[in-house]
Amino acid sequence: MRSLYDVVVIGSGFGGAISACRLAQAGRSVCVLERGKRWNKTDFPRTPAEVSKSFWRAGESQGFLEYKTFRKIDVIQGCGVGGGSLHYFNVHLRAPAEILGAGPWPREITRQVLDPYYTLAEDMLDSKRLAPPPGRAMPPRTEAFQFAAKSAGRNPELVPIGVYTGNDRLNPHSGIPQTGCDYSGDCMLGCELHAKNTLDLNYLAVAEKNGAEIHPLHQAMNIESLGGAGYRVHFQRLSSTSGGPAQVENGSVEGKAVVVSAGTLGTTELLLRSRDLHRSLPQLSRALGTRFSGNGDFLLAGTLNANRLIDPSQGPSITVGADFSTAKNKIYVEDLGFPEPFIWLVEGSLPTGS
């Protein structure tokens, strides 16, 4: 790691990956700090025991999922090169124009402004509606949802997802080998086929090809203003661990500019710590940490009154949706499957009849 870069990017999820990619393509020197490790496709958990160890616990376990609980909300966030893309459910919907035109959204952010960038992201993430892999049909869960939605008087539609379902190929943006989706439903636990177009297969790979440096197991702890000269980012370098306490080494790096993209909670925590604990960014607004919310998702279980077999683990995690909006609320309902190892873990945790 050099001592000075044009830009230091904190976090390698969607915000950090895209920023690092475009800045590197523009000729800037870029350093990406990521607290999680780099995950190879054979590293992802596939057994109940491995699933139980796939969660991030600071200084103890370096899984790619972090589960945080608060008084009114639970949050799942990503840790690793690729951030939340390692475990998210692949769906790429464009925000309704009515949402962007209402409430506290800045007037400058409209669908008309965003649409060209939606198109760029859809191309980079190869976002398309599900086309079954060769020799396979639509998942039973998808067909069951379509039947239920039509029975309720709604119009179901396949949703665009970042999942590749064709024959073996090299990713068109990075050249990394990909195998088509095999319907295993492991999207939440990481895709060992590279069928899921995670950020390490596109934006981050292109960033590295253009000179960006990605430093896994580097957790930013404090941002210090250097006046007009930029910023110094203090970090903890974590040793790779398989269960014991991680060894920590302190370090720092300077950037003429800093992009803070450590997720909603990570970014807010880092900035609050810098402002209020270290007092190294004293001019940050007092509004920091207020007026943010969850992403509007609710996980619900339903029952279909029809003689249909539904295998929740077969196919990509989400494939289809339908608009159930009312006059007062925008409501979009989607199917959702879980990978078999996760189902085994949950079922093994439940008490039996005896």
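Taking the six-membered ring for Trp and the full ring otherwise, the centers of Phe44 and Phe64 sit less than 6.0 Å from each other.
Counted by atom type alone, Gln236 and Gln219 present zero donor-acceptor pairs between their side chains at under 3.5 Å. Side chain to side chain, Asn171 and Gln178 meet the donor-acceptor criterion of an N or O pair below 3.5 Å. Under 3.5 Å, the side chains of Thr69 and Asp74 contain no donor-acceptor pair of N or O atoms. Residues Arg273 and Thr268 bring no donor and acceptor atom of their side chains to less than 3.5 Å of each other. In summary, the side chains of Asn222 and Ser274 do present a donor paired with an acceptor at a separation below 3.5 Å, with no hydrogens or angles considered. With 3.5 Å as the limit, one finds no donor-acceptor pair spanning the side chains of Ser280 and Glu224. Between the side chains of Asn40 and Glu192, not a single donor N or O lies within less than 3.5 Å of an accepting N or O. A side-chain N or O of Tyr5 and one of Glu213 form a donor-acceptor pair less than 3.5 Å apart.
Put simply, the side chain of Phe70 reaches to within 4.5 Å of the side chain of Leu265, judged on heavy atoms. Counting heavy atoms from C-beta on, the side chains of Leu272 and Leu288 come closer than 4.5 Å. Side-chain contact between Leu125 and Phe14 is present, with heavy atoms from C-beta onward closer than 4.5 Å. Contact of the Leu158 side chain with the Thr142 side chain is registered, since non-hydrogen atoms from C-beta on lie closer than 4.5 Å. Within the 4.5 Å cutoff, no side-chain heavy atoms of Glu249 are placed close to those of His218. Considering only heavy atoms from C-beta on, Pro156 stays 4.5 Å or farther from Phe147 through its side chain. Residues Pro312 and Phe338 form no side-chain contact, since every pair of their non-hydrogen atoms from C-beta on lies 4.5 Å or further apart. Ser184 is not listed as a side-chain neighbour of Ser313, based on a closest heavy-atom distance of 4.5 Å or more.
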Which side-chain N or O atoms in residues 78-88 pair as donor and acceptor under 3.5 Å with protein atoms at least two apart or in another chain?
{"unit_1": "Ser85", "atom_1": "OG", "unit_2": "Gly82", "atom_2": "O", "d": "2.7"}
{"unit_1": "Ser85", "atom_1": "OG", "unit_2": "Leu199", "atom_2": "N", "d": "3.1"}
{"unit_1": "Tyr88", "atom_1": "OH", "unit_2": "His92", "atom_2": "NE2", "d": "2.7"}

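Pairing each heavy atom of Ala322 with each of Ala149, the nearest pair is CB-CB, 4.1 Å. Pairing each heavy atom of His194 with each of Pro177, the nearest pair is ND1-O, 3.6 Å. What you find for Val51 and Pro45 is that their closest heavy atoms are N-CB, 3.7 Å. Scanning all heavy atoms of the two residues, the minimum distance from Ile10 to Ala220 falls at CG2-CB, 3.7 Å. Contact record, Asn197 with Val163: ND2-N, 3.9 Å, taken as the closest heavy-atom pair. Nearest approach of Tyr203 to Ala17, heavy atoms of both residues: CB-O, 3.8 Å.
Under 4.0 Å is where a charged nitrogen must lie from a carboxylate oxygen, and between Arg46 and Glu50 no such pair does. Ionic pairing of Asp123 and Lys128 is not present here: no N-O contact between side-chain nitrogen and carboxylate oxygen is shorter than 4.0 angstrom. The pair Arg38-Glu208 meets the salt-bridge criterion, with a side-chain N (NZ, NE, NH1 or NH2) lying under 4.0 Å from an Asp/Glu carboxylate O. Residues Arg2 and Glu254 are not paired through a salt bridge, judged by the lack of any N-O separation under 4.0 Å between the basic side chain and the carboxylate.
Within a 6.0 Å sphere centred on OH of Tyr117, heavy atoms belonging to other residues, nucleotides or ligands number 12 at most. Counting heavy-atom neighbours within 6.0 Å of Arg111 CZ, excluding the residue itself, gives a total above 12.
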Task: Ile76/Glu66 under side-chain contact (heavy atoms from CB on, under 4.5 Å): CA gap, chis, key distance, verdict - done: CA-CA 6 Å; Ile76 298 176; Glu66 184 176 28; over 6 Å; no
- [ ] Step by step, work out the side-chain contact (heavy atoms from CB on, under 4.5 Å) result for Glu334 and Leu93.
- [x] CA-CA 12 Å; Glu334 300 167 328; Leu93 294 176; 3.6 Å; yes
- [ ] Go through Arg169 and Tyr164 one step at a time and tell me if the side-chain contact (heavy atoms from CB on, under 4.5 Å) criterion holds.
- [x] CA-CA 10 Å; Arg169 71 167 186 179; Tyr164 177 66; 3.4 Å; yes
TODO: Test side-chain contact (heavy atoms from CB on, under 4.5 Å) on Arg237 and Leu217 and set out the steps.
DONE: CA-CA 6 Å; Arg237 186 183 295 111; Leu217 297 175; 5.9 Å; no
Open item on the list: The test is side chain to side chain donor-acceptor pair (under 3.5 Å); show your working for Glu122 and Ser127 and say whether it passes.
Closed with: CA-CA 5 Å; Glu122 288 163 353; Ser127 180; 5.4 Å; no
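In this structure, Lys37 is positioned above the aromatic face of Trp39, its NZ or CZ under 6.0 Å from the six-membered ring centre and within 45° of the axis.
No single ILVMFWY cluster, assembled from side-chain heavy atoms under 4.5 Å apart, contains both Leu270 and Leu238. Placement of Val320 and Met138 within a single hydrophobic cluster is found when ILVMFWY residues are connected by side-chain heavy-atom separations under 4.5 Å, directly or transitively. Met188 and Val91 fall within the same hydrophobic cluster, where Ile, Leu, Val, Met, Phe, Trp and Tyr residues are linked whenever their side-chain heavy atoms come under 4.5 Å apart, directly or through other members. Linking Ile, Leu, Val, Met, Phe, Trp and Tyr whenever their side-chain heavy atoms come within less than 4.5 Å leaves Leu120 and Leu23 in two separate clusters. Taking hydrophobic clusters as Ile, Leu, Val, Met, Phe, Trp and Tyr residues chained together by side-chain heavy-atom distances below 4.5 Å, Val258 shares a cluster with Val253.
Tested against Val8 for a side chain to side chain contact (heavy atoms under 4.5 Å, CB included), the candidates Val259, Val260, Leu33, Ile223 yield a single pass: Leu33.
The line from CG of Asn210 to CD of Gln25 is 5.0 Å long, rounded to the nearest 0.5 Å. One finds the CZ atom of Phe324 at 9.5 Å from the CD1 atom of Ile331 (value rounded to the nearest 0.5 Å). Here the CD atom belonging to Glu34 is positioned 3.5 Å from the OG atom belonging to Ser12, to the nearest 0.5 angstrom. In this structure, the separation between OH on Tyr183 and CZ on Arg136 is 7.5 Å, given to the nearest 0.5 Å. A distance of 7.5 Å separates CG of Asp323 from OH of Tyr332, quoted to the nearest 0.5 Å. The OG atom of Ser174 lies 7.0 Å from the CG atom of Asn202; values are rounded to the nearest 0.5 Å.
Listed for the Arg129 side chain is no donor-acceptor partner under 3.5 Å among the backbone atoms of Glu157. Side-chain N or O atoms of Thr267 include one that pairs as donor or acceptor with a backbone N or O of Ala262 at under 3.5 Å. Between the side chain of Thr119 and the main chain of Asp115, a donor-acceptor pair closer than 3.5 Å is present. Of the possible polar contacts, one joining the Thr165 side chain to the Ala131 backbone as a donor-acceptor pair under 3.5 Å is found. At distances below 3.5 Å, not a single donor-acceptor pair connects side-chain atoms of Asn90 with backbone N or O atoms of Gly162.
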